[in-house]
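Structure record follows, encoded as structure tokens.
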Amino acid sequence: MKKALIICAAGMSSSMMAAKTTDWFKTNNKDYEMDAVSVTEGQKMIETSDFDLFLISPQTKMYLKKFQATGEKVGKKVVPIPPQAYVPIPSGVKNLAEFVLKEMPE
């Protein structure tokens, strides 16, 4: 199973996006799972967790370079979520799922 983590300002909207996207993966027979944490937990999660991909929400893009530097040190991919893939409607969830599929390391 591949795992992606959204790092968000407070983790509220991203938790909803993670749950809806995980459901999309299940519906489309993809062995992927998503979760979300707040920006205050992001650094530690990149350093220590077993997630394969880290996604930085649009509202926390000011932390992108810091988190990418941490990701480079530990060999984890950290990417920004495009705004059109961070909308809690069916098309936004599909966009996020397709973005994760494209960005997920092998």
Side-chain angles (χ1 to χ4, degrees):
M1 173 180 292
K2 296 284 190 173
K3 294 170 52 177
L5 183 69
I6 300 172
I7 299 172
C8 176
M12 299 300 284
S13 59
S14 56
S15 292
M16 180 177 51
M17 287 299 295
K20 288 178 180 258
T21 307
T22 296
D23 289 343
W24 186 94
F25 287 134
K26 288 177 184 172
T27 301
N28 289 278
N29 299 313
K30 303 288 183 192
D31 196 19
Y32 281 57
E33 182 178 287
M34 293 187 65
D35 203 350
V37 296
S38 70
V39 73
T40 57
E41 300 172 80
Q43 186 83 18
K44 184 176 181 184
M45 293 299 288
I46 294 169
E47 292 171 342
T48 64
S49 73
D50 65 345
F51 285 90
D52 305 293
L53 177 65
F54 295 88
L55 306 158
I56 308 303
S57 68
Q59 65 268 38
T60 56
K61 64 184 176 186
M62 70 283 272
Y63 298 101
L64 178 63
K65 290 197 184 302
K66 173 185 171 185
F67 288 147
Q68 283 178 325
T70 300
E72 286 176 23
K73 288 179 189 173
V74 297
K76 299 286 183 162
K77 188 171 185 180
V78 179
V79 295
I81 300 173
Q84 67 273 21
Y86 201 72
V87 184
I89 59 173
S91 62
V93 171
K94 182 178 184 232
N95 287 342
L96 181 56
E98 290 175 347
F99 179 73
V100 169
L101 290 171
K102 182 183 95 165
E103 293 293 331
M104 186 62 73
E106 291 298 316

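FYI, the numbering just counts along the sequence from 1.
Listed here is the closest heavy atom pair of P88 and K20: O-NZ, 4.1 Å. Looking at every heavy atom in both residues, M17 comes nearest to A85 through CE-O, 3.7 Å.
Taking 4.0 Å as the cut-off between side-chain N and carboxylate O, D50 and K3 count as a salt-bridged pair. Using a 4.0 Å cut-off between charged side-chain N and carboxylate O, E98 and K94 make a salt bridge.
A heavy-atom distance below 4.5 Å is not found between the side chains of D31 and K2. Annotation: side chain of V39 is in contact with side chain of F67 (closest heavy-atom distance under 4.5 Å). Inter-residue side-chain proximity for I81 and P58 is flagged as met; some heavy-atom pair is nearer than 4.5 Å. Inter-residue side-chain proximity for I56 and V79 is flagged as unmet; no heavy-atom pair is nearer than 4.5 Å.
Judged by distance alone, with hydrogens and angles left aside, the side-chain atoms of K30 form no donor-acceptor pair with the main-chain N or O of A97 at under 3.5 Å.
One distance of note links CD1 of I46 with CD of E41; it measures 12.0 Å at 0.5 Å rounding. With rounding to the nearest 0.5 angstrom, the CG atom of D35 is 11.0 Å from the CD1 atom of I7. Taking OG of S15 as the start and CE of M34 as the end, the distance is 10.5 Å to the nearest 0.5 Å. Distance check, rounded to the nearest 0.5 Å: CZ of F54 to CG of L64 gives 13.5 Å. To the nearest 0.5 angstrom, E106 atom CD is 11.0 Å from D52 atom CG.
V78 and V37 end up in the same hydrophobic cluster when Ile, Leu, Val, Met, Phe, Trp and Tyr side chains are linked at under 4.5 Å. Grouping the Ile, Leu, Val, Met, Phe, Trp and Tyr side chains by contacts below 4.5 angstrom, directly or via other members, places V87 apart from L96. With hydrophobic clusters built from ILVMFWY side chains whose heavy atoms lie under 4.5 angstrom apart, W24 does not share a cluster with M16. Criterion: ILVMFWY side-chain heavy atoms under 4.5 Å apart, direct or through other members. Under it, M45 and V74 are part of a common hydrophobic cluster.
Sorted by first then second residue, the side chain to side chain donor-acceptor pair (under 3.5 Å) pairs that include residues 60-87, not counting sequence neighbours, are S13-Y86, Q43-T70, S57-T60, K77-E103.
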* **Stepwise side chain to side chain contact (heavy atoms under 4.5 Å, CB included) test for Y32 and T22** => CA-CA 7 Å; Y32 281 57; T22 296; over 6 Å; no

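Through side-chain heavy atoms spaced under 4.5 Å, either directly or across other Ile, Leu, Val, Met, Phe, Trp or Tyr residues, M1 is tied to no other residue.
I6 pairs in a side chain to side chain contact (heavy atoms under 4.5 Å, CB included) with only one of the listed residues (T21, L55, L53), which is L55.
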